[in-house]
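Throughout, protein chains are lettered first and strands after them, A, B, ... in sequence-line order, and every chain is numbered starting at 1.
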2 protein chains.
Amino acid sequence: MVKPTDSELEILHVLWVNGPSTVRQIHEELSRNRDIGYTTALKLMQIMYDKGLLTRTEDARSHVYTAAVSEEDTQRSLVDRFVETTFRGSASKLVMQVLGHHKASREELDEIKNLLKQLDQTSPDKQ
Amino acid sequence: MVKPTDSELEILHVLWVNGPSTVRQIHEELSRNRDIGYTTALKLMQIMYDKGLLTRTEDARSHVYTAAVSEEDTQRSLVDRFVETTFRGSASKLVMQVLGHHKASREELDEIKNLLKQLDQTSPDKQ
DNA sequence: TTGCATTTACGAAAAGCTTCGTATATGTTT
DNA sequence: AAACATATACGAAGCTTTTCGTAAATGCAA
């Protein structure tokens, strides 16, 4: 599984949210958040195409790019790597860290509780 | 807050676990996991010293290095950054990802449930 | 068709990370 | 003291990531 860099992740995120886009569209989105030249965005996307992170088709005179990797898969592999380097493989330590310090909203906490319930149904304990 | 690189994190981890160490001791530990030259470890630690990630004292002829940042603080800031880049700021999405895919052990799940209970006591809801 | 705007392609610079070779200093042993 | 082992300091190479300038191609408009 290819590991996208931070900049590549920005671009993937736009594609995951907005769907297939041209360099111009991506550049416009990225420009909302930070200063970035058009050819910089282009170059990044060409590199991502070479790496296999994006596919593309010719539409009239410009290319239309599509994410070649799913958000789910990408996040999973990034999390795996992160858990490895930062928490020496302990996923639960990561969760504890996040729950302890990020003030998750009421809804988010409820979501997490529901997920835990589901996990319990799969292999319930006595509590 | 300074962001340690992956290699620097390896060294910090050894220092967090083993306490103050010489370059030689660190090099021996790192060598368990991968090929790395002595001067490579030395150079990394010198850079970390310059960055303020380590302190050091002269012991006889060699230096003894100590982590200048805590494991807790470092992990928190790395998690913050990671949540930002990979989950666009949604800490709960990260938690969902981890709980959904990493099979946490029974004990780990219980730990997490207890933590959630504590959070509830701070600001309980009707469930 | 000539010129203009837009797009892609290409190359390369700048910065950060990792790596190590070589030189220098310092202590130890004979 | 001389030779040796061990430590540090320094510089630089090789890679990756990010950035953009410039050139070449392509379509549109006058």
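Between B:Phe87 and B:Gln97 there is a side-chain heavy-atom pair separated by less than 4.5 Å. Side-chain contact check for B:Leu15 versus B:Ser21: some heavy-atom pair is nearer than 4.5 Å. Put simply, the side chain of B:Val79 reaches to within 4.5 Å of the side chain of B:Val83, judged on heavy atoms. When side chains are defined from C-beta on, B:Glu29 does not count as touching B:Glu10, because their heavy atoms never get closer than 4.5 Å.
Residue A:Val23 forms a side chain to side chain contact (heavy atoms under 4.5 Å, CB included) with just one option from A:Thr39, A:Leu44, A:Ile11, A:Leu42, and that option is A:Leu42. Partner of B:Arg76 under the side-chain hydrogen bond (donor to acceptor under 3.5 Å, both in side chains) criterion, chosen from B:Asp73, B:Thr74, B:Asp80: B:Asp73.
The backbone N or O of B:Ser31 lies less than 3.5 Å from no partner atom in the side chain of B:Arg34, so there is not a single donor-acceptor pair. Proximity of a side-chain donor or acceptor of B:Gln75 to a complementary backbone N or O of A:Thr86 within less than 3.5 Å is detected. A:Gln25 contributes a side-chain N or O that, together with a main-chain N or O of A:Thr22, makes up a donor-acceptor pair within less than 3.5 Å. Between the A:His13 side chain and the A:Glu8 main chain, no donor and acceptor come within less than 3.5 Å of each other.
Note on A:Thr40: a base of the nucleic acid sits closer than 4.0 angstrom, heavy atoms only.
Reading DNA chain C from its 5' end, the first and the last nucleotide to sit under 4.0 Å from a heavy atom of chain B are C:dC17 to C:dG27.
Picking from D:dT19, D:dT8, D:dT6 the nucleotide with the shortest atom distance to the side chain of B:Arg61 gives D:dT6.
Between the NE2 atom of A:His63 and the P atom of D:dG27 there is a distance of 11 Å, rounded to whole Å.
For the segment residues 4-35 of chain A, residues with any heavy atom less than 4.0 angstrom from an atom of DNA chain C are, sorted by number, A:Val23, A:Arg24. Less than 4.0 Å separates DNA chain D from at least one heavy atom of each of the following residues of residues 43-54 of chain B: B:Lys43, B:Gln46.
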